[in-house]
Amino acid sequence: MAADDLHSLATVAAAVIACMGYARFAARRLRPGLPRLAAFLPVLATLPFLPLAFRALHPRAVSGFFLAWAAEFKLLLLASGQGPLQPTLPLPTFVAIATLPVTLRGPKSKSSAARPGLGLVESAVMAALLAAIVSLYRYEERMNGYVLLTLYSVHVYLALELVLAAAAAASRALAGLELEPQFDRPYLSASLRDFWGRRWNLSVPALLRQCVFRPVRARLGVRAGVLAAFVVSGLMHEAMFSYITLLPPTGEAAAFFTLHGACAVAEGWWAAHEGWPRPPRALATPLTLAFVGVTGFWLFFPPITRPGADKQVIAECEAMVAFLRDAAGWAVDSAWSVLSSRS
């Protein structure tokens, strides 16, 4: 991260703390409803602009997800008296829950018992795999386009796992929070509903379930609620892609998630009919992953690759890997020098 982005990080962090401190103050004094929502409007209007303070793509994209999506949705829920935020929380805890895409672990959570958070060994293995993928990008000019997109897909998964695990670790360290894992082995998904609802980036479906699915379901039914959640997810991904490329939305991410929403609704309709044939898990899992991959190649990645944002991602990743390699080499040399001096 360049020096100007380090300065931007300090500025953005200070602005976020100030915004959340004000939101917590307003929520403590106003009842849920329109008065609280009106009080939140300055914060809701400010947060989407803060990620634009970063020149580097990675901090701009990550902070866009944290602030313009997760924090906005959680504040909207707080305005209606719902969601994970409570005005009685200590300020550090309030800021951590509001701005990081984490889900508090409930006392009766089954997923937490079945699947612990990302451990140190898993994190190290994933980081090594990500570094290996980054090292392969030097041969991208000789790669088949679909092979390259497959590497991008694995890259996205590993990077999100590591970033969200780091966010969860920061939440634990700052506020002592017990959190749900953010992924649950999405490569084992046997359906689109399984992939998006129970395994992939779980903080997002948790927010969409409260903000979109439940209100729409109460008025129009389950299928409309599911489709609405996917449509809203698509619109938010359009915004996230704009943070990455600094270009207007193309509509392709919205089309990707709308398509997946329609297919998830069709899956639910089919599953509701007892006795109708279903593929065995050994077949359903590769079919699900193939559908996600093929539609991703078609609609998800082009808005990023077309303007060349993927090249910037690769350049920043290569710089980070080189920095970490040099830092590790320096640490080993320093330790060897200390041991040699003692012998």
Query raised in the report: Quick one: do Leu30 and Phe94 end up in the same hydrophobic cluster if we chain Ile, Leu, Val, Met, Phe, Trp and Tyr together by side-chain heavy atoms under 4.5 Å apart?
Result: no
Query raised in the report: Quick check: does any side chain N or O of Thr285 sit under 3.5 Å from a backbone N or O of Ala282, one acting as donor and the other as acceptor?
Result: no
Query raised in the report: What about Phe300 and Phe241, are their ring centers closer than 6.0 Å?
Result: yes
Report task. Could you tell me which non-hydrogen atom of Ala284 sits nearest to which non-hydrogen atom of Ala190, and how far apart they are? Result -> CB-O, 3.4 Å
Query raised in the report: Are Leu57 and Leu247 linked, directly or through other ILVMFWY residues, by side chains that come within less than 4.5 angstrom of each other?
Result: no
Query - Donor-acceptor pair, side chain of Arg281 and main chain of Leu188, under 3.5 angstrom - result: yes
**Report entry** Donor-acceptor pair, side chain of Thr93 and main chain of Leu89, under 3.5 angstrom
**Finding:** no
Query raised in the report: Going from OG1 on Thr46 to CD on Glu72, what distance comes out if it is rounded to the nearest 0.5 angstrom?
Result: 9.0 Å
Query raised in the report: Is any side-chain heavy atom of Met20 closer than 4.5 Å to a side-chain heavy atom of Leu75?
Result: yes
Report task. Over all heavy atoms of both residues, which pair between Gln210 and Gly83 is shortest? Give the atoms and the distance, please. Result -> OE1-CA, 3.3 Å
Query raised in the report: How far apart are the C-alpha atoms of Gln82 and Ser80, what are their side-chain angles, what is the distance that settles it, and do they pass the side-chain hydrogen bond (donor to acceptor under 3.5 Å, both in side chains) test?
Result: CA-CA 6 Å; Gln82 304 177 60; Ser80 63; 3.2 Å; yes
Query - Qualifying residue, where the test is side chain to side chain contact (heavy atoms under 4.5 Å, CB included) with Trp200 and the options are Val292, Leu160, Asp184 - result: Leu160
Query - Sub-4.5 Å side-chain heavy-atom contact between Leu37 and Leu76 - result: yes
Report summary line: SG of Cys317 to CG of Leu130, rounded to nearest 0.5 Å, is 6.0 Å
Please set out all donor-acceptor pairs under 3.5 angstrom arising from side-chain atoms of residues 223-236, sequence neighbours excluded.
residue, atom, partner, partner atom, Å
Ser233, OG, His237, ND1, 3.4

Query raised in the report: Distance-only, no hydrogens or angles: does the Tyr22 side chain make a donor-acceptor pair with backbone N or O of Ala39 under 3.5 Å?
Result: yes
Requested in this report: Verify, without hydrogens or angle tests, whether Lys74 (side chain) and Leu207 (backbone) share a donor-acceptor contact under 3.5 angstrom.
Outcome: no
Requested in this report: To the nearest 0.5 angstrom, please state how far the CG atom of Leu192 sits from the OG1 atom of Thr288.
Outcome: 6.0 Å
Report task. Indicate, with yes or no, if the rings of Tyr157 and Phe183 have centres closer together than 6.0 Å. Result -> yes
Query raised in the report: In terms of hydrophobic clustering (I, L, V, M, F, W, Y; side-chain heavy atoms under 4.5 Å; direct or indirect links), are Val222 and Val212 co-clustered?
Result: yes
Query raised in the report: Shared ILVMFWY cluster between Trp270 and Leu283, side chains joined below 4.5 angstrom?
Result: no
Query raised in the report: Will you find, in the side chains of Glu252 and Thr250, an N or O donor that is under 3.5 Å from an N or O acceptor?
Result: yes
Query raised in the report: Under the 3.5 angstrom rule, does the side chain of Glu267 hit a backbone N or O of Arg193 as a donor-acceptor pair?
Result: yes
Report task. Taking atom CZ of Arg31 as the centre, report whether more than 12 heavy atoms of other residues, nucleotides or ligands fall under 6.0 Å from it. Result -> no
Requested in this report: Identify whether Tyr146 and Leu151 are in the same connected component of the hydrophobic contact network (ILVMFWY, side-chain heavy atoms under 4.5 Å).
Outcome: yes
Report summary line: Closest non-hydrogen contact found for Arg278 with Ala271 is NH2-O, 2.6 Å
Query raised in the report: Above 12 or not: heavy atoms from other molecules or residues under 6.0 Å from CZ of Arg219?
Result: no
Query raised in the report: Going through the distances and angles, do Leu50 and Leu47 end up as a side-chain contact (heavy atoms from CB on, under 4.5 Å)?
Result: CA-CA 5 Å; Leu50 295 180; Leu47 291 178; 4.0 Å; yes
Query raised in the report: Taking all atoms of both residues into account, what is the closest heavy-atom pair of Ser242 and Pro248, and its distance?
Result: OG-C, 3.9 Å
Requested in this report: Go through Val62 and Phe54 one step at a time and tell me if the side-chain contact (heavy atoms from CB on, under 4.5 Å) criterion holds.
Outcome: CA-CA 10 Å; Val62 170; Phe54 296 105; over 6 Å; no
Query raised in the report: Side-chain contact, heavy-atom cut-off 4.5 Å: Phe297 with Ser153?
Result: yes
Report summary line: The side-chain hydrogen bond (donor to acceptor under 3.5 Å, both in side chains) partners of Glu316 (sequence neighbours excluded) come to His58, Gln312
Query raised in the report: For the residue pair His260 and Phe291, is the inter-centroid distance of their aromatic rings smaller than 6.0 Å?
Result: yes
Query raised in the report: Backbone N or O of Arg214 within a donor-acceptor pair of the Arg209 side chain at under 3.5 Å?
Result: no
Query raised in the report: Is there a side-chain contact between Pro303 and Thr245, using heavy atoms and a 4.5 Å cut-off?
Result: no
Query raised in the report: About how many Å separate CG of Leu52 and OG of Ser8, when rounded to the nearest 0.5 Å?
Result: 10.5 Å
Query raised in the report: Is it true that a side-chain atom of Arg138 and a backbone atom of Ser135 form a donor plus acceptor pair closer than 3.5 Å?
Result: yes
Query raised in the report: Do Leu208 and Phe73 come close enough that some side-chain heavy atom pair is under 4.5 Å?
Result: yes
Report task. Kindly give the heavy-atom pair with the smallest separation between Val43 and Cys19, and that separation in Å. Result -> CG2-O, 3.6 Å
Query raised in the report: Side chain of Arg36, backbone of Ala26: donor and acceptor closer than 3.5 Å?
Result: no
Requested in this report: Provide the closest heavy-atom pair for Ser123 versus Leu162 in the form atom of the first, atom of the second, distance.
Outcome: O-CD2, 3.7 Å
Query raised in the report: Roughly how far apart are Met143 CE and Thr150 OG1, rounded to 0.5 Å?
Result: 10.5 Å
Query raised in the report: Any donor-acceptor pair under 3.5 Å linking the side chain of Gln182 with the backbone of Leu164?
Result: no
Query raised in the report: Quick check, are the ring centers of Phe256 and Trp298 under 6.0 angstrom apart?
Result: no
**Report entry** Electrostatic pair Asp194-Arg199, nearest N-O below 4.0 angstrom
**Finding:** yes
Requested in this report: Evaluate the side-chain proximity of Val16 to Leu67: yes if any heavy-atom separation is below 4.5 Å, no if none is.
Outcome: yes
Query raised in the report: Below 4.5 Å, heavy atoms only, C-beta onward: do Trp69 and Val204 meet side chain to side chain?
Result: yes
**Report entry** Heavy atoms from other residues, nucleotides or ligands near CG of Leu91 exceed 12 (cutoff 6.0 Å)
**Finding:** yes
Query raised in the report: Do Glu140 and Lys311 sit within salt-bridge range, that is, some charged N less than 4.0 Å from a carboxylate O?
Result: yes
Query raised in the report: With a 4.5 Å heavy-atom cut-off, do Leu148 and Tyr137 have their side chains touching?
Result: yes
Query - Residue Arg306 excluded, over 12 heavy atoms near CZ under 6.0 Å - result: yes
